[in-house]
Protein chains: 2
Amino acid sequence: MDEIDRKIVIAVQQDGAAGLADLAKVSGLSVSATAERLKRLEERGVVRGWHAELDPAEVGCPLLAFLRVAIRPGKEDIAFRRLIRKLETVLECHQLTGEWSYLVKLRLPDIAALETLMAEEIRPLAGMERISVEIAMATVKETALLPVIRAPEEEEA
Amino acid sequence: MDEIDRKIVIAVQQDGAAGLADLAKVSGLSVSATAERLKRLEERGVVRGWHAELDPAEVGCPLLAFLRVAIRPGKEDIAFRRLIRKLETVLECHQLTGEWSYLVKLRLPDIAALETLMAEEIRPLAGMERISVEIAMATVKETALLPVIRAPEEEEA
DNA sequence: TCTGAAAGCCAGAGTCC
DNA sequence: GGACTCTGGCTTTCAGA
């Protein structure tokens with residue numbers, strides 16, 4: 001992960017439709033060398049995949065909501081995680097420090113869908129101690145573009 | 001946005017590297033018809049862009065943190081939003097219902113970087129009423145893949 | 001690990017059905 | 001919308017350094 005890899009990775013993250021010819025200009029190397037580096041970055045898992053970014057509203061999920069969940073550890077916790085992974089309206093679920101167990105990010109068509117999800121899937125779960133629902137009224141920023149940090153010591157092969 | 005568009009959109013979201021030949025198989029149409037539909041979906045903004053997905057840890061941002069911010073409305077609020085949009089370690093910022101103004105999602109190299117950010121950028125802001133910092137200890141799920149909902153009535157051209 | 005060239009593939013435009 | 005064609009540009013691969 002040297003400076004050239006970093007340039008390539010930043011470029012493909014911003015524009016995944018860029019061809020090798022474009023990337024070669026960015027990296028300063030030849031097309032074939034750029035292609036080899038990109039292939040290695042994919043093999044090493046630095047580049048995980050390629051995706052089209054969709055407009056949430058256009059795709060029928062204008063509603064953004066967050067759940068805070070406190071759940072008893074153990075068997076109930078396992079069941080909760082299994083459910084979370086199954087539900088495609090759940091985009092993210094992280095276990096956080098603090099008194100709440102989980103933060104859950106949801107994308108849904110409308111409030112009715114949210115209420116249905118809560119009533120039929122979430123609330124019936126055993127071991128739920130507290131649930132809080134918050135709705136996004138506005139989004140100041142929402143990007144999947146990661147900052148690519150230059151780590152001084154990790155100039156590996 | 002009919003059933004065929006939906007198939008195309010789901011396919012390119014999952015695999016943005018798929019060629020038109022693959023997409024044609026998915027859609028059931030010819031290659032040229034599939035290409036036209038995809039082009040229209042991009043023009044209409046349903047497909048917003050193309051990106052490579054990176055591994056956060058590999059890119060030097062293993063630490064995931066969330067901020068809760070309560071800020072006085074008005075001039076201070078504007079300044080806060082401007083800062084948020086500028087910082088590339090801030091991936092998301094949403095205004096939520098409830099007593100906290102904002103939920104902020106951060107990706108950072110380590111705790112030291114988080115503390116630096118808080119001390120130098122966030123806390124000095126005027127009008128800050130409350131700030132809470134939470135760190136992700138584990139991630140159960142994290143995807144950018146939106147659910148593509150079939151909206152019964154919006155069968156437009 | 002890079003360069004450069006050669007070979008093969010795919011997307012894009014045009015036409016007709 | 002489908003099928004066909006052609007062309008340009010791009011990706012891929014390989015020899016050579």
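Numbered from 1 within each chain, the chains take letters A, B, ... in sequence-line order. Values in this document were obtained by computation on a predicted structure and should not be read as measured data.
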Donor-acceptor pair under 3.5 Å, Ser32(B) side chain vs dG1(D) base: no

Closest nucleotide among dT1(C), dT3(C), dG2(D) to the Leu29(B) side chain: dG2(D)

Candidate nucleotides dT3(C), dG1(D), dG2(D), ranked by approach to the side chain of Ala33(A) - the nearest: dT3(C)

Nearest-Å distance for atom pair CG/P, residues Leu38(A) and dT1(C): 15 Å

Lys/Arg-Asp/Glu bridge criterion (N-O < 4.0 Å) met for Glu88(B), Lys141(A): no

Glu53(A)-His51(B) side chain donor-acceptor pair, cut-off 3.5 Å: yes

Given dA11(C), dG1(D), dT1(C), the nucleotide with the shortest approach to the side chain of Arg37(A): dT1(C)

Rounded distance (Å) that lies between atom C1' of dA11(C) and atom CG of Leu20(A): 15 Å

Spacing of Arg40(A) atom CZ relative to dT1(C) atom P, expressed in whole Å: 5 Å

Residue Glu36(A), side-chain heavy atoms: nucleotide from dC2(C), dG1(D), dT13(D) that is nearest: dC2(C)

Working for salt bridge (charged side-chain N to carboxylate O under 4.0 Å, His left out), residues Glu142(B) and Arg107(B): CA-CA 13 Å; Glu142(B) 183 171 28; Arg107(B) 279 269 178 206; 2.7 Å; yes

Rounded distance (Å) that lies between atom C1' of dG1(D) and atom CG of Leu23(B): 17 Å

Residue pair Arg37(B), Asp5(B): steps toward the salt bridge (charged side-chain N to carboxylate O under 4.0 Å, His left out) verdict: CA-CA 7 Å; Arg37(B) 277 176 179 263; Asp5(B) 280 340; 3.0 Å; yes

Length of the NZ-P vector between Lys39(A) and dT12(D), whole Å: 9 Å

Nucleotide dT11(D), atom P - distance to NZ of Lys25(A) in whole Å: 10 Å

